[in-house]
Amino acid sequence: MAEQRALTPRAEDFSAWYNEVVQRGELAGYTPVRGCMVIRPHGYAIWELMQKALDARFKETGHQNAYFPLFIPQSFLHREAEHVEGFAPETAVVTHGGGKELEEPLVVRPTSEAIIWPIMADWIQSYRDLPLLINQWANVVRWEMRTRLFLRTPEFLWQEGHTAHASQEDAQRETLLMLSVYRRFMEEWMAMPPLTGVKTEWDKFAGADRTYACEALMQDNWALQAGTSHNLGQNFARAFDVKYQTEDGSHEYVWSTSWGVSTRLIGGLVMSHSDDLGLVLPPKLAPIQAVIVPIYKSDEGRGQVLEAAEKLAGQLRDVVRVRLDDRDTVNPGAKYYEWEGKGVPVRLEIGPKDLEKGQVMAVKRFAPDPKARKVPIPDGEVRSRLTEMLDAMQNELLATAIKRREDNSHRGIDDYEEFKEIIATAGGFVYTGYCGTEECEASVKDETKATIRLMPDEDFRSDEIPAKCICGKKAEYEVVWARAY
RNA sequence: CGGGACGUGGCGCAGUCCGGUAGCGCGCCUGAAUGGGGUUCAGGAGGUCGCGGGUUCGAAUCCCGCCGUCCCGACCA
């Protein structure tokens, strides 16, 4: 493992810093397959914690998991016009199997609507079968030119919810419900507070009536689309003939939704909290929440310290995910760097001095006041104090991230020169009035690289919206601009 | 697909201009001392120099062809 001593600082080169944090944290790495990454055990453990939390919420809201095929007959993808137009350019296609050319090429799923709906159509006969609430955990493939670990790779892991409803209203309610599930997960578990809102007509999911999204602001003031929830209307029901019989005996197309988050969230997590020492993880998503580092000077001291460290680990094991680093081949300082690089929220140092005083030294990976990172905890209080510490850190990370988002949000902008200045220098979320035309966004994007991320939901909308768009025309509604990943 | 660069132990690189039989740092292995912020010393293992062809007594180095990767531009969870 070639690890430079110090990471490239964020301020110097954010992209280089990101790559180094991911690799030093042993989250992921490159593989012999162009653009494809390996998610290493530590990174995968984070994904498993994410899955567990999200899956629980999906179940609580009435969804069931299922698994659909990886391969989609090419003709299926073509049934929904906008869908195929949106995804065809980035699909991988299997043309041969068993040494022979296939009669019909198989598309490796870029998303599963085109295989799920023909199948679920058979499950739905009557209004009594609705709503049908299905989720799938799977991998998908979207061919990419330019790749980044977690943020954009040809293959990634995600979940995709697919639901069918008897009415437009039910589908809309579902779309918004799952958007709020995502928002809460990002806030409460990831400490990554997103904006929520609606995508423009031309930026929505291929085949959707409306696309809602969570957009989070990274430390470099670029936006990351972190989750989407789509109201698909009856578009897929028509394309795949998904009908149900109503109470009065007529046949109607179902109303459907789909929604997903991916391993991209891990990239967002990294770019939200990590620092120039490496990864910072919110305690709820940290595979190891506390690491115990024993410190000893000689063989005699060693036995005593290790015994105390093991006892400590035993006391903590049922309340936190704890790891005792008793390697004898690495000295304490090196262990500090290693576990900091992996984002472990709390380090517990235990050495001769601590044994004498009947305490352990606890060091938080992150604190709003850097001077308050290190605190001694008396032996009897470690269990309670440590859990308090982890809770506090979770909250502090969220508060810090919210403050950063708000400090970097610019509202009420209606002057294009000012807009350009903000995008070119400060960055962040820029709220403006908007005329509503695609041409306007295209020309702004051309000139500034900024795009409309969404039309903000009520929770984020400004009290006063400028009367005119940055192009000078009358504003129809408010939008949020940013440079985006 | 257009523009630029690169391919040499696990990782990062030097050597290529000017041919002479491969080197450095990190990591890895062994041993000893060390141990409260990346410890030191000693010893050691590890390379078809991207692939194929050519020139030459001799090629990592020169020539031709191919493959691959990375960076910059049009698309993107």
Could you list, one pair per line, each protein nitrogen or oxygen that sits under 3.5 Å from a nitrogen or oxygen of nucleotides 6-9 of chain B, together with the distance?
none

Where along residues 171-180 of chain A does a heavy atom fall under 4.0 Å from RNA chain B?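 Going residue by residue through residues 171-180 of chain A, none turns out to have a heavy atom under 4.0 Å of RNA chain B.
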Measuring from the side chain of A:R142 (C-beta onward, heavy atoms only), which nucleotide among B:G36, B:A77, B:G35 has the closest atom?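 So the nucleotide nearest the side chain must be B:A77.
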When A:W481 is tested against each of A:F429, A:F419, A:W222 for ring-ring contact (aromatic ring centres under 6.0 Å, His included), which residue passes?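 Among A:F429, A:F419, A:W222, the one that satisfies the ring-ring contact (aromatic ring centres under 6.0 Å, His included) with A:W481 is A:F419.
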Enumerate the protein-to-nucleotides 1-4 of chain B contacts in which both atoms are nitrogen or oxygen and the separation is below 3.5 Å.
none

Across the strands shown, which category fits A:P332 at heavy-atom distances under 4.0 angstrom: base, sugar-phosphate, nothing?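 If one applies the 4.0 Å heavy-atom cut-off, A:P332 turns out to touch the sugar-phosphate alone, with no base involved.
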Interface polar pairs with nucleotides 68-72 of chain B, N/O, under 3.5 angstrom:
unit_1	atom_1	unit_2	atom_2	d
B:C71	OP1	A:R146	NH1	3.2
B:C71	OP1	A:R146	NH2	3.0
B:C71	OP2	A:R146	NH1	3.1
B:C72	OP2	A:R146	NE	3.0

So which protein N/O to nucleotides 28-34 of chain B N/O distances come out below 3.5 Å?
none

Among A:R347, A:R24, A:K335, whose salt bridge (charged side-chain N to carboxylate O under 4.0 Å, His left out) with A:E340 holds?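 Answer to the salt bridge (charged side-chain N to carboxylate O under 4.0 Å, His left out) test with A:E340 among A:R347, A:R24, A:K335: A:R347.
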Counting side-chain heavy atoms from CB outward, which of B:G36, B:G37, B:C75 is closest to A:R373?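 Within the option list, the nearest is B:G37.
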Sub-4.0 Å heavy-atom contacts from residues 255-289 of chain A onto RNA chain B, ordered by number: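 RNA chain B contact set from residues 255-289 of chain A: A:S262, A:R264.
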At under 4.0 Å between heavy atoms, what does A:Q225 touch on the DNA or RNA strands: base, sugar-phosphate, or nothing?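 Contact class for A:Q225: sugar-phosphate only.
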